[in-house]
Number of protein chains: 2
Amino acid sequence: MPTRRSERPAILLGALNGHLGYFIRRLQVWVFQDFIRTLAPIKISPAQFSVLAVISDNRGLSQAELAMTLGIERARLVRLLHRLEQRGLIQRLRSAADGRRHALQLRPRGRTVLMRANALAAKHEGRLIDMLGAERHALLLGALRDL
Amino acid sequence: MPTRRSERPAILLGALNGHLGYFIRRLQVWVFQDFIRTLAPIKISPAQFSVLAVISDNRGLSQAELAMTLGIERARLVRLLHRLEQRGLIQRLRSAADGRRHALQLRPRGRTVLMRANALAAKHEGRLIDMLGAERHALLLGALRDL
DNA sequence: TATTGTTATACTCTATAACTATA
DNA sequence: TATAGTTATAGAGTATAACAATA
């Protein structure tokens with residue numbers, strides 16, 4: 001027979017305990033909040049960071065390829081890229097081979113910002129490791145990286 | 001020296017490979033999409049499901065307690081609960097002891113809907129297990145449940 | 001016809017501040 | 001004065017559909 005240990009009984013999660021999605025969601029919310037605050041000085045959101053990182057390592061890729069790689073809607077990418085272009089971080093070049101495509105690449109300023117973003121993102125990752133413990137962090141990364 | 005195995009080189013994730021948050025986010029998006037589609041017949045969102053589940057197992061708790069338990073903004077809960085109340089799934093009772101608090105509880109219809117929701121959510125969880133593999137699913141649940 | 005980029009719409013989520021009523 | 005619930009706002013994210021230019 002279970003006994004209460006505190007005056008106020010703890011609130012139960014009920015059916016949620018069996019659902020991985022609930023715990024994934026909670027962790028994801030924590031990650032976004034910490035990431036956004038950490039990169040606030042350079043005003044780079046998680047989505048913008050992922051876009052800059054992928055363009056950096058895949059110079060000349062198209063918007064459709066970028067959208068599919070990151071699982072972002074093509075329509076949403078338009079506004080996202082427009083802002084990065086306005087800030088002088090990226091460039092959209094019409095492809096010579098296929099007039100429909102935009103070849104994406106970082107501008108010098110984008111490379112600089114990405115370097116700062118990487119440094120700040122590393123600090124965020126450090127806090128995530130602190131929270132999870134290094135072993136659990138490695139376990140999760142290994143389990144999720146190759147899906 | 002690495003060699004290319006396909007005509008078109010695969011798109012690289014670059015710096016994202018070191019960030020657990022990226023992979024957590026991708027999985028979380030998959031989970032939400034599948035959950036929403038699975039529970040579409042009864043029009044219950046992930047947030048609504050979590051609210052019904054916690055109220056069910058903690059009859060009479062307040063909105064502030066519920067908000068803190070689920071990590072939802074108090075302000076957002078208001079509209080969420082309002083809709084569930086309009087649908088006849090929950091009830092807000094003024095607390096006799098403290099006039100500021102609303103004691104939350106499921107109405108009979110809410111209990112019925114939650115039972116259907118649990119059945120559909122189990123199907124969703126089955127698909128998640130299929131995608132991850134049973135061992136990985138158990139590994140992740142164990143690693144995330146006690147944060 | 002199909003694809004790429006674009007525009008538009010509607011709804012939800014997130015963050016924030018401020019208001020009211022009760023304590 | 002502090003707390004519980006509420007209202008309001010702005011900015012993102014998500015899901016759609018439809019359009020023009022190009023293939």
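In what follows, every chain begins at residue 1, and chains take the letters A, B, ... in the order their sequences are listed.
- Rounding to the nearest 0.5 Å places OG1 of B:T112 at 12.0 Å from CZ of B:R107.
- When the nearest nucleotides of DNA chain C are assigned to B:L80 and A:R37 by heavy-atom distance, the more 5′-ward of the two goes with B:L80.
- Proximity note for B:A47 (side chain, C-beta onward) versus D:dT6, D:dT16, C:dC13: the nearest is C:dC13.
- The aromatic rings of B:H19 and A:F35 stand perpendicular to each other, their planes meeting at an angle above 60°, with 30° marking the opposite boundary.
- Separating the CG atom of B:L77 from the C1' atom of D:dT6 is a distance of 12 Å, rounded to the nearest angstrom.
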Can B:R25 and A:L70 be said to form a side-chain contact (heavy atoms from CB on, under 4.5 Å), step by step?
-> CA-CA 10 Å; B:R25 172 66 176 168; A:L70 292 175; over 6 Å; no
Between B:D57 and A:L13, does a side-chain contact (heavy atoms from CB on, under 4.5 Å) hold up when you go through it step by step?
-> CA-CA 7 Å; B:D57 274 42; A:L13 288 179; over 6 Å; no
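- Contact annotation: A:R83 side-chain N/O to D:dA12 OP1/OP2 distance is under 4.0 Å.
- Comparing B:S62 and B:V29 by the nucleotide of DNA chain D that holds the closest heavy atom to each, the one mapping nearer the 5' end is B:S62.
- Per the geometry, CG belonging to B:L39 stands 17 Å off C1' belonging to C:dT12, to the nearest Å.
- Taking atom CZ of residue B:F35 and atom P of nucleotide C:dT12, one finds them 16 Å apart after rounding to whole Å.
- Under a hydrophobic clustering in which Ile, Leu, Val, Met, Phe, Trp and Tyr are joined whenever their side-chain heavy atoms come within less than 4.5 Å, directly or via other members, B:V29 and B:L20 fall into different clusters.
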Per-nucleotide protein contact string for nucleotides 18-23 of chain C (B base, S sugar-phosphate only, - none; heavy atom under 4.0 Å) | ----BS
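- The separation between B:L70 atom CG and C:dC13 atom C1' is 15 Å, rounded to whole Å.
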Stepwise side-chain contact (heavy atoms from CB on, under 4.5 Å) test for B:R74 and B:V78 | CA-CA 7 Å; B:R74 253 181 19 236; B:V78 174; over 6 Å; no
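- Comparing atom distances between the A:E73 side chain and each of C:dT7, C:dT16, D:dT16 picks out D:dT16 as nearest.
- One finds no side-chain N or O of B:Q63 lying less than 4.0 angstrom from the OP1 or OP2 phosphate oxygen of D:dT3.
- Linking Ile, Leu, Val, Met, Phe, Trp and Tyr whenever their side-chain heavy atoms come within less than 4.5 Å leaves A:L77 and A:L93 in two separate clusters.
- Rounded to whole Å, the distance from CH2 on B:W30 to P on D:dA15 is 14 Å.
- Here the side chain of B:H102 is nearest to one of C:dA8, D:dA12, D:dT6, namely D:dT6.
- One atom, CZ of A:R79, and another, P of D:dA15, lie 16 Å apart when rounded to the nearest Å.
- Within a 6.0 Å sphere centred on CE of A:M68, heavy atoms belonging to other residues, nucleotides or ligands number 12 at most.
- Spacing between atom CZ of B:F32 and atom C1' of C:dC13 amounts to 9 Å, rounded to whole angstrom units.
- The side chain of A:Q33 sits closest to C:dA15 out of C:dA15, D:dA17, D:dG5.
- Relative to the side chain of B:R76, the nucleotides D:dT16, C:dT14, D:dT6 differ in distance, and C:dT14 lies closest.
- Here the nucleotide nearest the side chain of A:R92, chosen from C:dT6, D:dG5, C:dT12, is C:dT6.
- A:H82 has its NE2 atom 11 Å from the C1' atom of C:dT6, to the nearest Å.
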